[in-house]
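The sequence lines fix the lettering, A, B, ..., with proteins before strands; numbering per chain opens at 1.
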Amino acid sequence: MSLGSVRSTMTEGPRFRFAPSPTGSFHVGGARTALHNWALARRLGGTFVLRIEDTDEARNRLEWTEGIIDALAWIGVSADDDHFEGPHFQSEYAAAHITAASRLFESGAAYYCDLTGQEVQDRAKKLGITGYDGYSRDRGVEPGSGRVLRFRVPEGTTVVHDAVRGDVLFDNSTIEDFVLLRGNNTPMFLLANVVDDIEMRITDVVRAEEHLPNTPKQQMLWEALGAEPPRWAHVPVLVNEQRKKLSKRRDKVAVESYRDDGILADAMVNYLMTLGWTPPGAEEAGSEIFPWNELEAAFRLEDVTLSPAFFDVKKLVAFNKQYIKNLPLADFLAAVDADLPDDWDRQRFAAIAPHITERLERLGDAPALVEFLFLPDGADPDVDDAAWTKAAKPDWAGPFLVEIAEAYASFGPDEWRSDKLKATMEAVMLSYEIKLGKAQALPRVAVTGRSVGPPLFEALEVLGQNETLRRLRNAVTRMASKSEAD
RNA sequence: GCCCCCAUCGUCUAGUGGCCUAGGACACCACCCUUUCAAGGUGGCGGCACGGGUUCGAAUCCCGUUGGGGGUGCCA
């Protein structure tokens with residue numbers, strides 16, 4: 001990853017942008033917006049511009065920015081791709097913001113006001129209105145310390161053409177003369193944002209719906225600055241189970257936290273894309289699982305839904321399960337490696353891995369499933385008492401266990417294979433008139449400590465004859481002591 | 001309060017006036033398969049918020065009601 005200014009080689013085509021503020025973690029909603037912009041930029045042969053809106057938090061800039069770029073890379077938005085441009089930093093455009101503000105003042109599109117925040121509030125209260133009443137519109141206030149620059153909202157109606165929702169009309173009389181420059185002469189978000197977009201020749205603004213109410217103000221600024229406004233698109237917000245906008249405080253929203261939980265990037269990307277949109281062909285396919293290149297080729301703003309979407313972790317996990325199951329073994333081993341204890345024998349894990357991939361919801365579930373294979377020599381697994389009691393209950397359980405242990409003891413070194421282990425158990429169980437499902441229960445608890453896990457005979461093959469016999473004999477002893485106690 | 005947006009199964013959605021007795025995915029339930037658990041297969045449960053219009057015909061168009069959400073800073 002390089003933080004140097006990466007210039008896109010794309011010179012034509014639409015220019016999209018993704019403009020996060022560097023506040024630490026990367027929000028899943030932001031990830032979805034980035035994905036939308038990315039899909040469109042690539043499909044349309046355009047550019048994805050990354051701009052870090054770091055107006056006042058410049059100190060941790062590098063660190064946060066690296067985090068954002070890494071998170072973007074994780075979801076496939078790669079800074080090395082030809083369609084990627086940036087990062088640009090809002091803080092580096094401060095001069096342009098001030099210049100634009102001056103132009104607006106000189107043209108009369110904006111004016112200074114010397115009221116303090118408190119005075120504005122007091123006036124509003126007295127007048128029975130909310131917000132600013134336009135007090136200084138025609139007072140001819142000159143620039144000066146403590147004076148804010150406000151935009152002179154013209155009369156009329158502002159029409160926002162939105163690719164997702166169609167035309168949205170705003171009566172300008174409902175929009176107050178908003179602040180462009182603070183009393184300390186620093187630019188407000190709205191101004192900085194618009195000036196940056198103009199400077200970066202942005203043609204398409206695709207973002208979450210929460211920005212829709214800002215849009216008429218921004219559009220008026222574009223026009224006042226003599227620029228042609230971009231194409232707008234506002235996608236619905238992501239909400240929690242209470243149907244509130246996902247928030248950092250209440251909800252688990254950090255992309256990194258899902259990654260750390262063992263959610264695969266492809267699963268996250270695929271799931272995020274299905275919120276507010278369905279890939280065409282999903283119904284015929286009976287599945288919503290699609291590779292990125294197909295999602296990218298099919299995504300259209302016009303097809304995006306209009307209502308907020310619940311970020312459902314259950315469905316995310318369901319997607320993740322599919323993706324883990326479909327992962328080539330080598331990729332699975334690489335992905336899960338970080339979740340395995342350092343001292344586990346990787347070769348041994350690789351031997352059992354094919355039998356656990358379809359049993360995992362998250363990568364991090366892997367260790368618990370096969371722990372019994374990685375105990376120090378001579379150590380016994382923790383036995384689930386309920387599972388043991390249940391498996392040991394039938395009258396035949398004890399004698400059957402003894403016979404299995406004896407049969408397995410007679411295996412030669414080359415015979416210790418899952419197919420033979422299974423065949424032998426099937427032969428023994430015949431005289432007990434039980435099925436394999438019942439027969440394997442006690443040996444399973446004896447060897448793994450639990451009633452569920454990977455297929456037994458495959459696990460035994462990996463465990464090896466010595467350790468298997470030791471655990472089986474241990475269990476035989478336990479059965480014996482139990483019947484004595486009775 | 002004011003402005004804006006939205007409204008199909010529990011959830012994500014398909015549906016752009018007749019193809020809808022409303023389709024799929026996730027979740028849930030049952031059965032089958034089975035070496036436990038998974039996976040897989042089959043089936044099931046379950047929805048057009050409400051009220052008025054328009055129309056031969058409305059989930060689809062219009063109006064209203066209700067409900068939800070977003071925004072309303074010298075935050076971004």
Side-chain angles (χ1 to χ4, degrees), chain A residues 19-23 53-57 90 113 115-117 120-121 128-132 146-150 160 162 164-165 168-171 173-176 178-186 188-190 192-193 208-216 234 236-237 239 241-245 271 274-278 280 282-289 303 305-312 314-319 321-322 325 355-361 369 387 391 418 421-422 425-426 435-441 443-445 448 450-459:
Chain A
S21 47
T23 51
E53 307 221 320
D54 59 343
T55 42
D56 19 47
E57 301 293 331
Q90 185 158 75
C113 175
L115 253 32
T116 64
V120 170
Q121 271 184 38
I129 60 167
T130 52
Y132 181 68
R147 297 174 179 180
V148 301
L149 183 69
R150 285 184 180 270
V160 171
D162 190 291
V164 174
R165 335 177 157 252
V168 184
L169 275 59
F170 295 86
D171 183 341
S173 68
T174 64
I175 303 173
E176 67 171 26
F178 51 96
V179 174
L180 263 19
L181 246 33
R182 302 186 181 90
N184 64 4
N185 209 40
T186 57
M188 290 283 288
F189 158 73
L190 239 28
N193 197 266
E209 190 190 350
E210 60 201 274
H211 292 284
L212 186 54
N214 278 331
T215 308
H234 293 90
V237 292
V239 298
E241 47 276 83
Q242 276 82 243
R243 303 240 118 224
K244 301 281 188 209
K245 188 174 76 161
Y271 175 64
T274 65
L275 292 174
W277 179 70
T278 311
E283 187 163 340
E284 297 71 45
S287 166
E288 293 177 345
I289 305 287
D303 299 332
T305 296
L306 302 174
S307 38
F310 170 49
F311 183 78
D312 186 357
K314 266 198 175 164
K315 190 158 178 178
L316 205 212
V317 168
F319 274 49
K321 222 169 166 175
Q322 287 288 318
K325 185 161 75 81
H355 304 292
I356 67 171
T357 52
E358 67 186 23
R359 283 162 239 265
L360 300 176
E361 295 194 332
L369 212 54
S418 62
L421 292 164
K422 181 185 178 196
M425 185 175 287
E426 283 171 333
K435 299 222 178 193
L436 192 52
K438 288 197 183 292
Q440 56 90 47
R444 173 183 292 281
V445 179
T448 73
R450 307 206 289 147
S451 60
V452 300
L456 183 63
F457 306 108
E458 286 76 359

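- Distance, A/Glu458 CD to B/U36 P: 12 Å, rounded to whole Å.
- At the heavy-atom level, A/Leu421 lies nowhere under 4.0 Å from the strands shown.
- Within the nucleic acid shown, A/Ser21 comes within 4.0 Å of sugar-phosphate atoms alone, with no base atom in reach, counting heavy atoms only.
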Considering only nitrogen or oxygen atoms on both sides, find all protein atoms under 3.5 Å from nucleotides 28-34 of chain B and state each distance.
none

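- Counting any heavy atom pair closer than 4.0 Å across all strands shown, A/Ala309 reaches sugar-phosphate atoms only and no base atom.
- Considering only side-chain atoms of A/Ala318, the nucleotide from B/C6, B/A39, B/A27 that sits closest is B/A27.
- Across all strands shown, A/Arg165 has heavy atoms under 4.0 Å from sugar-phosphate atoms exclusively, and none from any base.
- One can place CZ of A/Arg359 at 6 Å from C1' of B/C37, the figure rounded to the nearest angstrom.
- Within the nucleic acid shown, A/Phe310 comes within 4.0 Å of sugar-phosphate atoms alone, with no base atom in reach, counting heavy atoms only.
- Cation-pi check for A/Arg150 over A/Tyr132 is met; the charged atom lies under 6.0 angstrom from the ring centroid and within 45 degrees of its normal.
- Between the NZ atom of A/Lys321 and the C1' atom of B/A39 there is a distance of 8 Å, rounded to whole Å.
- Nearest nucleotide to the A/Val168 side chain, out of B/U36, B/U13, B/C4: B/C4.
- In this structure, A/Glu241 reaches neither bases nor backbone, as no heavy-atom distance under 4.0 Å exists between it and the strands shown.
- When both distances must be under 3.5 Å, the Watson-Crick or G-U wobble mate of B/G1 is B/U72.
- Residue contacts for A/Met188: at a heavy-atom cut-off of 4.0 Å it reaches the sugar-phosphate backbone alone, with no base atom in range.
- A/Asp162 has its CG atom 13 Å from the C1' atom of B/C6, to the nearest Å.
- At a threshold of 4.0 angstrom between heavy atoms, the contacts of A/Gly286 are confined to the sugar-phosphate backbone, with no base atom among them.
- In the set B/A38, B/C74, B/A76, B/A76 carries the atom at the smallest distance from any side-chain atom of A/Gln90.
- Here B/C26 presents its P atom at 14 Å from CD of A/Glu361, a figure rounded to the nearest Å.
- Comparing atom distances between the A/Val452 side chain and each of B/U8, B/C37, B/A76 picks out B/C37 as nearest.
- The listed nucleotides are B/U11, B/C3, B/C74; the one nearest the side chain of A/Arg150 is B/C74.
- Looking only at distances, a side-chain donor or acceptor of A/Arg359 sits under 3.5 Å from a matching main-chain atom of A/His355.
- Atoms CD (A/Gln121) and C1' (B/C74) sit 11 Å apart, rounded to a whole Å.
- Among the atoms of the strands shown, base atoms are found under 4.0 Å from some heavy atom of A/Thr116.
- Within the 4.0 angstrom heavy-atom criterion, no nucleotide atom of any strand lies near A/Glu426.
- When heavy atoms are screened at a 4.0 angstrom cut-off, A/Gly276 is found touching the sugar-phosphate backbone but no base atom.
- Rounded to whole Å, atom P of B/U36 lies 15 Å from atom NE2 of A/His355.
- If you check every strand for non-hydrogen atoms under 4.0 Å, A/Leu169 touches sugar and phosphate atoms only.
- Contact annotation for A/Pro454: base contact, defined as any heavy-atom pair under 4.0 Å involving a base atom.
- In this structure, CD of A/Glu283 is placed 14 Å from C1' of B/C12, rounded to the nearest angstrom.
- Taking 4.0 Å as the cut-off between side-chain N and carboxylate O, A/Glu209 and A/Arg165 count as a salt-bridged pair.
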In B/S/- notation, 5' to 3', how is nucleotides 62-72 of chain B contacted by protein heavy atoms closer than 4.0 Å? -------SBS-

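- A/Phe170 comes within 4.0 angstrom of the backbone, heavy atoms only, and of no base.
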